Number of protein chains: 4
Amino acid sequence: MILPKVPRLSNEQAAELSAVVAEFGCKLQPIVGAVRTIYAIVGDERDELMINRIEGLDYVERVDRIQSPHKLMDRRSDLASHRIKVGGVTLGERLLVIAGQCTIDPKNPNFFYETAAAVKEAGADVIRGGVWKPRTNPYTFQGDAKSLDILMEGARRTGLPVDAEVMDETHLRLALDAGVPMLQVGARNALNYSLLRAIGAAVAGRNTVVLLKRGLHMGPLNEFISAAEYIVSFGNPNVLLCPRGTSPALDGYRNHPDESITPLLKEKTWAPVVVDPSHSVGKASYVPACALAAVAYGADGLCIESHVAPAKGIGDDPKQALTPDVLKTTITQARQLWAMRRG
Amino acid sequence: MILPKVPRLSNEQAAELSAVVAEFGCKLQPIVGAVRTIYAIVGDERDELMINRIEGLDYVERVDRIQSPHKLMDRRSDLASHRIKVGGVTLGERLLVIAGQCTIDPKNPNFFYETAAAVKEAGADVIRGGVWKPRTNPYTFQGDAKSLDILMEGARRTGLPVDAEVMDETHLRLALDAGVPMLQVGARNALNYSLLRAIGAAVAGRNTVVLLKRGLHMGPLNEFISAAEYIVSFGNPNVLLCPRGTSPALDGYRNHPDESITPLLKEKTWAPVVVDPSHSVGKASYVPACALAAVAYGADGLCIESHVAPAKGIGDDPKQALTPDVLKTTITQARQLWAMRRG
Amino acid sequence: MILPKVPRLSNEQAAELSAVVAEFGCKLQPIVGAVRTIYAIVGDERDELMINRIEGLDYVERVDRIQSPHKLMDRRSDLASHRIKVGGVTLGERLLVIAGQCTIDPKNPNFFYETAAAVKEAGADVIRGGVWKPRTNPYTFQGDAKSLDILMEGARRTGLPVDAEVMDETHLRLALDAGVPMLQVGARNALNYSLLRAIGAAVAGRNTVVLLKRGLHMGPLNEFISAAEYIVSFGNPNVLLCPRGTSPALDGYRNHPDESITPLLKEKTWAPVVVDPSHSVGKASYVPACALAAVAYGADGLCIESHVAPAKGIGDDPKQALTPDVLKTTITQARQLWAMRRG
Amino acid sequence: MILPKVPRLSNEQAAELSAVVAEFGCKLQPIVGAVRTIYAIVGDERDELMINRIEGLDYVERVDRIQSPHKLMDRRSDLASHRIKVGGVTLGERLLVIAGQCTIDPKNPNFFYETAAAVKEAGADVIRGGVWKPRTNPYTFQGDAKSLDILMEGARRTGLPVDAEVMDETHLRLALDAGVPMLQVGARNALNYSLLRAIGAAVAGRNTVVLLKRGLHMGPLNEFISAAEYIVSFGNPNVLLCPRGTSPALDGYRNHPDESITPLLKEKTWAPVVVDPSHSVGKASYVPACALAAVAYGADGLCIESHVAPAKGIGDDPKQALTPDVLKTTITQARQLWAMRRG
């Protein structure tokens, strides 16, 4: 829908506008109102280049899009009936819980094995373990490929699938070679389209699941869903959308919690939403409340950091990891709330 | 704690700084570090004028406050043991539910009477009814003092206390004369200190309860608590803090939901937190989720818009009012979640 | 423009929608597209109640407004040719500079007289002097009506008009009785519609100018312009729009500078824009840059805090007041830039 | 500076805290105040892991850092005297202007050659030309490696250095092999630490300059500077910091303009600041004002999109590219303002 700055376009302007949309296979339909004429675009309005061309005309105020920009991620696409399975859970049928350490300590693998066993006992479906770790400060420990073996050993010992973040194509190849069944894209790479394409290509034809974290800003949700479209366009539709807090932070938290976008995402896309309360609030004492709030908003899953001895953890664990007993209570309450919401 | 821009102050600078804090009855204590000396303020650091004076010195980088600015609202004040009662509920012992119309329609009082009866039946403790109404557009209906009689008649018929927003001293006097037991300060007046002082003075020595909505911006929480301090400083401590969403809105909601500040408020103040999910999301279908999220975050109460026939309501009711049956389910689930969180 | 959730409305839905808009004197015009039918509202779409009613229908996704909500403030209104004059300046013909103290110190009136003389000498057109002062902390000095005499004495001595903030109807009456020619509405009262109406009524039929500060949040600009419409609707069109920074602050400033909204305001309204760089950044050393940026964005005026001895000022002056010599350089550069921009 | 939640730590708590900081080579120094004891960290407080460990203790309220986290980027580092040269300009001595197309059209190379000649004539020092292009929509044209030859041909014809964005290691290798002297990291990759490290390693020992765009969120500035530290830590200090607008957008712009962070960056780091007004506002008619505002705030350079025939451009050019004549006026005025600011 094209809104001109003037009440009516001149014949010349209308002809120019028609020519632009015609280049993209569309037609223009004027809608004559009492005080103003506006113009509908008949055809596929999704090409950004066409929108840019139209908005570049000096007599055009703006273009309001009325069509979803997402071919595959849209909730009305054929993929809407696809069900994603991981860790024995079919998303949408039971609350998925991913839990484990922020960062595996390669010098202390037992912490990870004990944590993996404890979070399984607490009710987790997938074990989280950070192998590589983005860090604001370049001189801080950034993870170690050796932890990949520890991660996979944790998988063998518990019999549960594991999840690890990949930050580049080298990580991606190593993780897939090792057999990691769930890959995570971190918030800082949420719009790294080269990585998203590489992942999409690499997981096509596999059962791998991708947990895509939301970027750090409070901008439009379509951008988040389009990032998933990058991956899915290669053929593997197993993408989980993961709100994890935005920046700037709420005065007292690590980030600005954003579980409240869950219903808005679900209006636009069929993809399951798995919320990360740990990074949203950034402090263990606040995490259970945030986890329940996510379920209240309709989240299909949770991704929670936990550690058998948080104070001895590396990475974010000393601040934000739950002990396994707090995790267990949180999972129990979250599943009760989930059941209550389902009726 | 004063952080200078330089590693160490010169004797002259230190003397000047000492003189400034001495004017406000404080002393300076240097803390000699390895690379830098910083200066503690010994005494009452709460006077903004002293902070401004210090931060105005060109060799001072910033002042980090380590003392709560709130004498009465601070959770360590003597008021922390005060319990607020309204509508048969002692705050903190049971989830308080305020429900009713956004705006009373003075031409159709029966809608309000029917709504009042229905929300009571659904489990509400206090009846909400807008008499006067702030409106972005000056030409839109702004409420009518005649609705005050309708509001009080609703109170008589249901036997429940009622809540109405006051926007100025005229409203305040009329509402108190009519016997309105709960006054609401709207988001647009959240920092209207003249009104806050007038309310504080007027409710001193009464049992009146004040529901103070949070302002529209995402700024520091101390500002919100300080607004309550304005009221409480006159002697009546019955203030409820009400997050109701901030601006700019999340892409799809009326505002940016902010129930997640509840635990942060509770770290700073003893005051109960009553969340308004209706304005936070601005659309009836999203309200129940937001209400439950508020309880998940530890809210002591909810303020929900409801109407027996939303489509026939005026004000915001057509968009955001729950029907009484949806309200009932929401209250039931909210109280179950409240009990789960406590138990 | 009404966008339904479904490709086409049923006959029943279309009839219901028609009935709603008919209640507000409008008609519905379907626009049949290739994949979807949308509906134009023919008539005056500005009534919020109608929009609320339509958006409350469960088959409606959203309403996109295509009409300006502002009858008088719109740049296409008849008022667009009105020119506001103050302090010898016709807005739009020369850069207006308002300068002076944040808060007059009633115990040291000479500071104000000296500052008034100095800012006049530096090139200011209007003298600013705070009589009453909103303060986050209720126990901080809030101004004193006695300063009103000092303010007016400053006006007499310099021969320049003066500007003072009013926070309630008592201030308004006192200020007008004293003959204050420019009234300021502070950011915290920017959406205090009772005060805006009281001011509008009080200045109708006078030459008084109102400097309306923008509220503290980053929300929609129409809300800011609508606040001005409240005042102007009573008959006096002398309103200046004043961006002054929003909250949350940029990491290092007092607020988030917002002079960049100037061109956006000018696309919507004819009202002059006078930027306050002092509150935007909150520190004297940053103010000149922010002032020039405002002129770069097309501001019609500046409102700058200045004091002959900032360190001895009360209120915000120790941090953010410019000394008269820095003010003079800033005004000179700002006027040079203004001239360069005009060509 | 460690602020506990309690007025004084118990002996046990103090011992635990001492042990934690000792693990990182630091010591604890108590600062006994009138109402509260706080604890200074003596030693290098920059390790995030130590901060996380401390903040994870349940009796700790928060840690206020008093040390810059940046070894090399800090304005007090030895690098502060380094001068970056590009396109015949020594940064800080003359306003650097980078200008050219958002995206080179590989089917119409002449547009680029004509644009390159025209922006040189208008006064630009470096030619911008997008070879690869991040796009929200995966189905939109994403650039083409063939354009690299066109870019370098433009360099040869004009004799000016060229600038192109690289999104991954493949682009990086191709661009360096082709001899591109200025590499750009886009906003979406601003925190892609793998890419930053790869670039840092690849440009070490070369004269290559890296233009690092700010990420899309409004979060802390240290994060932006730390991203530059990633690159510089490999040995090449030629990094330019580029604010380009944040998200969510101001109501009417493409982004939220952020040139106002320039003075704040300069308080923390020695690195030059080059502002991109084109992406900040996203519409050609607003770009000149934003460019001047950047210079007002002290920017060392500008990065502006320009095209000889914007309407025929691909990418963002139809909306935001300046024509060469408007570019010329903008550069002229920007350099005049720059000179005025320098005195």
Side-chain angles (χ1 to χ4, degrees), chain A residues 20 46-49 52-58 69 71 134-142 167-171 187-198 215-220 222-223 226-227 229-230 233 246-249 283-285 310-311 313-320, chain D residues 20 46-49 52-58 69 71 134-142 167-171 187-198 215-220 222-223 226 229-230 233 246-249 283-285 310-311 313-321:
Chain A
V20 169
R46 284 177 299 197
D47 195 316
E48 282 171 272
L49 300 186
N52 286 348
R53 288 279 295 281
I54 299 170
E55 291 193 342
L57 299 169
D58 58 12
K71 287 186 193 167
R135 286 278 152 212
T136 303
N137 187 325
Y139 311 113
T140 296
F141 175 69
Q142 313 262 341
M167 293 165 59
D168 55 42
E169 295 194 40
T170 307
H171 298 168
R188 292 171 185 77
N189 284 310
L191 302 177
N192 174 351
Y193 299 135
S194 291
L195 180 60
L196 296 178
R197 263 196 299 258
L216 292 159
H217 62 287
M218 297 185 187
N222 278 344
E223 201 178 55
S226 287
E229 181 98 16
Y230 263 92
S233 68
T246 51
S247 186
K283 203 164 185 181
S285 61
I314 58 176
D316 300 324
D317 284 332
K319 276 169 78 174
Q320 67 192 37
Chain D
V20 169
R46 285 178 297 196
D47 196 317
E48 282 171 272
L49 298 187
N52 285 348
R53 288 280 294 280
I54 298 169
E55 291 193 343
L57 299 169
D58 58 12
K71 287 184 192 168
R135 286 278 153 214
T136 304
N137 187 325
Y139 311 113
T140 297
F141 176 68
Q142 313 262 340
M167 293 166 58
D168 55 44
E169 296 194 40
T170 306
H171 299 169
R188 292 171 186 76
N189 283 310
L191 302 176
N192 175 351
Y193 298 135
S194 291
L195 179 61
L196 297 178
R197 262 196 300 258
L216 292 159
H217 62 287
M218 297 185 186
N222 278 344
E223 201 177 55
S226 287
E229 182 98 16
Y230 263 92
S233 68
T246 51
S247 185
K283 202 163 184 182
S285 60
I314 58 176
D316 299 324
D317 284 332
K319 275 169 78 174
Q320 65 192 39

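Computed from a prediction, not measured in an experiment: that's the story for all the values here. FYI, side chains are in, hydrogens and waters are out, and symmetry mates aren't considered; it's all heavy atoms of this structure. In what follows, chains are A, B, ... by sequence order, proteins preceding strands, each numbered from 1.
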Margin query: Checking Glu169(A) now: which residues fulfil salt bridge (charged side-chain N to carboxylate O under 4.0 Å, His left out) with it, not counting sequence neighbours?
Written below: none
Item checked: Partners passing salt bridge (charged side-chain N to carboxylate O under 4.0 Å, His left out) against Arg135(A) (at least two apart in sequence or in another chain) -> Asp316(A), Glu48(D)
Item checked: Under 3.5 Å donor-acceptor, Asn52(D) side chain and Asp317(A) backbone -> no
Note to self: Tell me which of these, Glu223(A), Glu55(A), Lys319(A), has more heavy-atom pairs under 4.5 Å with chain D than the rest.
What the structure shows: Lys319(A)
Next item on the list: Give, as side chain, backbone, both or neither, the part of Tyr230(D) having an atom under 4.5 angstrom from any heavy atom of chain A.
Entry: both
Margin query: Can a donor-acceptor pair be found, under 3.5 Å and without considering hydrogens, that links the side chain of Arg53(D) to the backbone of Ala311(A)?
Written below: yes
Notebook entry, point to check: Contact part of Gln142(D) toward chain A, heavy-atom cut-off under 4.5 Å: side chain, backbone, both or neither?
Noted result: side chain
Note to self: Rounded at 0.5 Å granularity, tell me how far CZ in Arg197(D) sits from CE in Met167(A).
What the structure shows: 5.5 Å
Next item on the list: Might you point out which heavy atoms bring Met218(A) and Pro248(D) nearest each other, and give the distance in Å?
Entry: CB-CD, 3.8 Å
Margin query: Under 4.5 Å from any heavy atom of chain A, what part of Thr136(D) do you find: side chain, backbone, both or neither?
Written below: both
Check: Between atom CG of Asp168(A) and atom CG of Asn192(D), what is the distance when rounded to the nearest 0.5 Å?
Finding: 8.0 Å
Notebook entry, point to check: Between Gln320(D), His171(D), Lys71(D), which shows the greatest number of heavy-atom pairs under 4.5 Å with chain A?
Noted result: Lys71(D)
Margin query: Less than 3.5 Å apart, any donor N or O on the side chain of Tyr139(D) or Glu229(A) sitting next to an acceptor on the other?
Written below: yes
Notebook entry, point to check: In Å, rounded to the nearest 0.5 Å, how long is the span from OG of Ser233(D) to CG of Asn137(A)?
Noted result: 10.0 Å
Note to self: Less than 4.5 Å to any heavy atom of chain A: does that hold for the side chain of Asn189(D), its backbone, both, or neither?
What the structure shows: side chain
Notebook entry, point to check: When rounded to the nearest 0.5 angstrom, what distance separates CZ in Arg188(D) from CG in Leu196(A)?
Noted result: 11.5 Å
Check: So how far is it from Leu216(A) CG to Leu216(D) CG, rounded to the nearest 0.5 Å?
Finding: 9.5 Å
Margin query: For the OG1 atom of Thr140(D) and the CG atom of Leu49(A), what is their distance to the nearest 0.5 Å?
Written below: 6.0 Å
Next item on the list: Please report the shortest heavy-atom distance between Pro138(D) and Ser226(A), naming the atom on each side.
Entry: CD-O, 4.2 Å
Checklist line | Nearest non-hydrogen partners of Ser247(A) and Gly219(D), listed with the distance | finding: OG-CA, 3.2 Å
Note to self: Between Pro134(D) and chain A, with a heavy-atom cut-off of 4.5 Å, which part of the residue counts as in contact: side chain, backbone, both or neither?
What the structure shows: both
